[in-house]
Amino acid sequence: MFDKILIANRGEVALRVMRAAKELGIATVAVYSTADKDAMHVRLADESVCIGPPPARDSYLNIPAIVAACEITGADAVHPGYGFLAENARFADILEEHEIAFIGPKAEHIRIMGDKIEAKRTAARLGIPSVPGSPGAIANEAEALSIAADIGYPVIVKAAAGGGGRGMKVADGPEDLADAIAAARIEARTAFGDDSVYLEKYLSKPRHIEIQVMGDGHGRAVHLGERDCSLQRRHQKIWEEGPSPALNAAQREEIGGLVARAVAELGYVGAGTVEFLYEDGKFYFIEMNTRVQVEHPVTEMITGIDIVNEQIKIAAGSPLSISQDDVRFLGAAIECRINAEHARTFIPSPGRIAYFHPPGGLGVRVDSSAYQGYVIPPFYDSLVGKLIVHGRTRTEAMMRLRRALDEFIIDGINTTLPLFRTLVRNADVQNGQYDIHWLEEFLKTDPAMEL
Ligand code: MV4
């Protein structure tokens, strides 16, 4: 087992990783930018190292500074959290060259899944269904027109280097295709420095359902069920829940089993999430995330499995401590991402938290690094904390969420708490009747939007 883990991250996820390390008897090192000298992750770590000025590229993305922090403190492993360097294959390679363990998958698998065309090809080879489309990158307009005619319109043009929705354009008919390709290429070149694009049939009203998996690289893998992340705005998830209101136990076992077998065959190491669009009872692979995700607590609440603890043990070479038969799904969990933003305009609201009172009680979990008097810096994401509730049924979880949201007090900054208080009372949300477009449509018609 490791002696000392350096956490190459900040905020709630840095605390999340430290909690798992501490329970395994492992010492922790925090790294921080000068903007984060008063941050809770610095205070709760055994040791801390300042790695640079506020901009992330000079601190949390500064690979030489992070490697130096490992050498200074004698850390033998790095947990990257999510975001920043979590899916940077070069970072994983550099750590290996320095004989520091990367708590995550093999660099090879990070690289494959970072290329969306390669990821789809790999999924297909492993028997995972995906959206009909071009077999690889589009060479020219003529090829695109021919493939689109085969699969039928509307089609979507996606950046091979994309993800998170950037570089995507929909074409409703052949007359739109050339413009869609040109626009997607420009966006892709600007955002990723790579203008390769591919084509897919456009699904008009899917849900976003993702399967949590863990592999140990010894040929074993399990699935931990699904999360429904359809409630999102501009590709930012705001509400995640499990199980999905759209699936039954037989469907869960079928897609979960398929994904777990594929991940085992791939020789995947650690935690991963296989993302699908789900429409008319069918699953279509879109991407795989090779990191622990923001919404992993939803799965932890319904399975009782500590995903970060398992990540650490697997990275240290242990086989998976759980078999598929050990995984039991109990009740329902919902996570709300509380952001430091206005609840209707989503304008960021950094600044001092004048008063902070998190909810508590049975089935309530708050993952946050905020505290009363803390000043949220303007340089990073706007997540203040995550409220996760668990209940024996989805109805119980919803009532608990309503109660916990009413109890949560954050003064001094704007937060998205009021939006969640509205959503938890909404009939469509209560009935689980939503797709990936529901929230943006709702926000257009919500009377509170006028405020
Ligand atoms: C799609 C799609 C419809 N059809 N692919 C957006 C992010 C990227 N990961 C994939 N995305 C989509 N791919 C096909 N063939 C619609 C989306 C999409 C979306 C997907 C998941 C969650 C939210 C979304 C919001 C808009 C569009």
Side-chain angles (χ1 to χ4, degrees), residues 82-83 87 112-124 128-138 144 147-148 150-173 176-177 180-181 183-184 187-188 191-192 194 196-211 226-242 244-246 272-291 293-295 298 335 337 346 432 434-444:
Y82 51 69
E87 290 171 290
I112 291 172
M113 298 308 166
D115 177 335
K116 305 304 157 189
I117 293 174
E118 210 44 49
K120 249 186 112 170
R121 209 174 267 142
T122 304
I128 298 177
S130 55
V131 196
S134 58
I138 293 291
I147 292 167
D150 281 351
I151 61 180
Y153 289 90
V155 297
I156 184 166
V157 184
K158 294 185 175 182
R166 283 195 296 179
M168 290 191 344
K169 296 286 168 224
V170 178
D172 288 320
D176 300 335
L177 192 53
I181 292 170
E187 247 183 71
F192 316 111
D194 172 359
S196 317
V197 297
Y198 63 106
L199 215 62
E200 278 181 357
K201 172 94 188 157
Y202 178 70
L203 304 176
S204 62
K205 287 189 164 307
R207 299 177 80 108
H208 171 121
I209 299 180
E210 56 186 32
I211 310 290
E226 83 282 9
R227 296 181 289 258
D228 196 316
C229 308
S230 302
L231 289 176
Q232 57 83 39
R233 177 184 170 271
R234 298 190 179 172
H235 304 291
Q236 291 292 115
K237 298 166 185 170
I238 68 151
W239 165 301
E240 305 102 346
E241 63 176 298
S244 168
T273 302
V274 181
E275 295 190 347
F276 292 91
L277 297 178
Y278 175 81
E279 194 173 78
D280 298 331
K282 290 190 286 288
F283 285 94
Y284 304 91
F285 171 87
I286 45 170
E287 291 177 19
M288 179 172 184
N289 300 318
T290 55
R291 59 169 192 277
Q293 288 190 273
V294 177
E295 60 272 26
V298 166
E335 173 179 282
R337 296 192 194 186
F346 300 97
Y434 53 75
D435 59 31
I436 60 170
H437 305 295
W438 186 91
L439 180 62
E440 289 180 8
E441 291 304 314
F442 171 78
L443 290 169
K444 283 182 203 163

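Indexing begins at 1, ligand by ligand and atom by atom, following the structure's order. We count residues from 1, following the sequence as given.
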- line: Filtering Glu210, Glu200, Arg166 for the heavy atom nearest atom 14 (C) of ligand 1 leaves Glu200
task: Would you tell me which option among Leu439, Leu277, Ile156 has the nearest heavy-atom contact to atom 20 (C) of ligand 1?
output: Leu277
Note: Arg234-Glu440 ion pair, threshold 4.0 Å (strictly below): no
Looking only at atom types and distance, does a side-chain atom of [X] sit under 3.5 Å from a main-chain N or O of [Y], one as donor and one as acceptor?
X	Y	result
Gln232	Ile436	yes
Ser134	Leu199	yes
Lys158	Ile117	no

Using a plain distance cutoff, I'd like to know if [X] has any nitrogen or oxygen under 3.5 Å from a nitrogen or oxygen of ligand 1.
X	answer
Leu203	yes
His437	no
His235	no

Checking a contact table here: which protein heavy atom is nearest [atom], and how many Å away?
atom	result
atom 11 (N) of ligand 1	Met168 SD, 3.5 Å
atom 8 (C) of ligand 1	Glu287 OE2, 3.5 Å
atom 25 (C) of ligand 1	Gln232 NE2, 3.4 Å
atom 21 (C) of ligand 1	His208 ND1, 3.4 Å
atom 15 (N) of ligand 1	Lys201 O, 2.7 Å
atom 19 (C) of ligand 1	Ile436 CD1, 3.3 Å

- request: May I have the step-by-step check of side chain to side chain contact (heavy atoms under 4.5 Å, CB included) for Arg227 and Thr273, ending in yes or no?
  value: CA-CA 10 Å; Arg227 296 181 289 258; Thr273 302; 3.3 Å; yes
query: What orientation do His437 and Tyr202 show, parallel under 30°, tilted 30 to 60°, or perpendicular over 60°?
result: tilted
query: Which is it for Glu240 and Glu210 under the side chain to side chain contact (heavy atoms under 4.5 Å, CB included) test, yes or no, and what are the steps along the way?
result: CA-CA 10 Å; Glu240 305 102 346; Glu210 56 186 32; 5.9 Å; no
- prompt: Can you find a non-hydrogen atom of Lys158 under 4.0 Å from ligand 1?
  reply: yes
task: Enumerate the atoms of ligand 1 whose separation from the nearest heavy atom of Val131 is less than 4.0 angstrom.
output: 15 (N)
Atoms of ligand 1, numbered as shown, that sit under 4.0 Å from any heavy atom of Tyr202: 3 (C), 4 (N)
query: Can you list the steps and then say if Val155 with Val170 is a side chain to side chain contact (heavy atoms under 4.5 Å, CB included)?
result: CA-CA 6 Å; Val155 297; Val170 178; over 6 Å; no
message: Between Asp115 and Arg121, is the side chain to side chain contact (heavy atoms under 4.5 Å, CB included) condition met? List the steps.
response: CA-CA 10 Å; Asp115 177 335; Arg121 209 174 267 142; over 6 Å; no
